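The structure appears below as structure tokens.
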Amino acid sequence: SCFTPIFDRMHWFLKIRPQMKKAKEQQKMISELQKGDEIVTQGGVAGRIAKVGENYLSVEVAESKDGPLTISVQKNAVSALLPKGTLKNL
């Protein structure tokens, strides 16, 4: 009846709009990643970006006697950008 459009708008502002805003912020963060940034992946792996490619990142996750241990990670798998120096405290 006449309440349906009101509930649709409420649903938009309370559910869909915040999700869209969060997704937009995530995409912005991913597009601004650069070498030296400290990150955490969705899988919980923390590391420092060694190289930025179009779709993948090389991430240093540990030190070994042969140099840094690096893994490749999809950019979209980055869940958070950490403050500089965070990895030293882990």
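Nothing here was measured: the structure is a model prediction, and the numbers come from that model.
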Applying salt bridge (Lys or Arg N to Asp or Glu O under 4.0 Å) as the test, list every pair that has at least one member in [range]; sequence neighbours left out.
range          : answer
residues 67-79 : none
residues 23-33 : K28-E32
residues 43-58 : E38-R48

Side-chain donor/acceptor pairs under 3.5 Å, residues 83-90, sequence neighbours excluded:
unit_1 : atom_1 : unit_2 : atom_2 : d
K84    : NZ     : G36    : O      : 3.1
K84    : NZ     : D37    : OD1    : 3.4
T86    : OG1    : P83    : O      : 2.6

query = Do I49 and Q34 touch side chain to side chain, with heavy atoms closer than 4.5 Å?
reply =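 No, their side chains stay 4.5 Å or more apart.
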task = Take I39 and L57 through the side-chain contact (heavy atoms from CB on, under 4.5 Å) test and state the conclusion after the steps.
result = CA-CA 11 Å; I39 60 162; L57 304 168; 4.2 Å; yes
query = Considering residues at least two apart in sequence or located in another chain, which fulfil the side-chain hydrogen bond (donor to acceptor under 3.5 Å, both in side chains) criterion with K21?
reply =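 For K21, no residue satisfies side-chain hydrogen bond (donor to acceptor under 3.5 Å, both in side chains) once neighbours in sequence are set aside.
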request  = Taking side-chain hydrogen bond (donor to acceptor under 3.5 Å, both in side chains) as the test, write out the residues that go with E63, two or more places apart.
outcome  =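 By the side-chain hydrogen bond (donor to acceptor under 3.5 Å, both in side chains) rule, E63 matches no residue at all.
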[X]: what forms a side chain to side chain contact (heavy atoms under 4.5 Å, CB included) with it, not counting sequence neighbours?
X   : result
F13 : R17
V40 : A46, S79, L82
K35 : none
V45 : T41, V61, I71

Closest contact, heavy atoms only, A77 versus V73 =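 What the structure gives for the nearest pair is CB-CG1, 3.8 Å.
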ask   = Just how far is it from atom OG1 of T4 to atom NE2 of H11, taken to the nearest 0.5 Å?
value =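 Atom-to-atom, T4:OG1 and H11:NE2 are 13.5 Å apart.
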key: Co-members of the apolar cluster containing Y56 [side chain, <4.5 Å]   =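 For Y56, no cluster forms, as it stays isolated from other hydrophobic side chains.
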message = Determine whether a donor-acceptor pair (N or O, by modelled atom type, separation under 3.5 Å) exists between the side chain of Q42 and the backbone of N76.
response =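 Looks like yes, one N/O pair under 3.5 Å.
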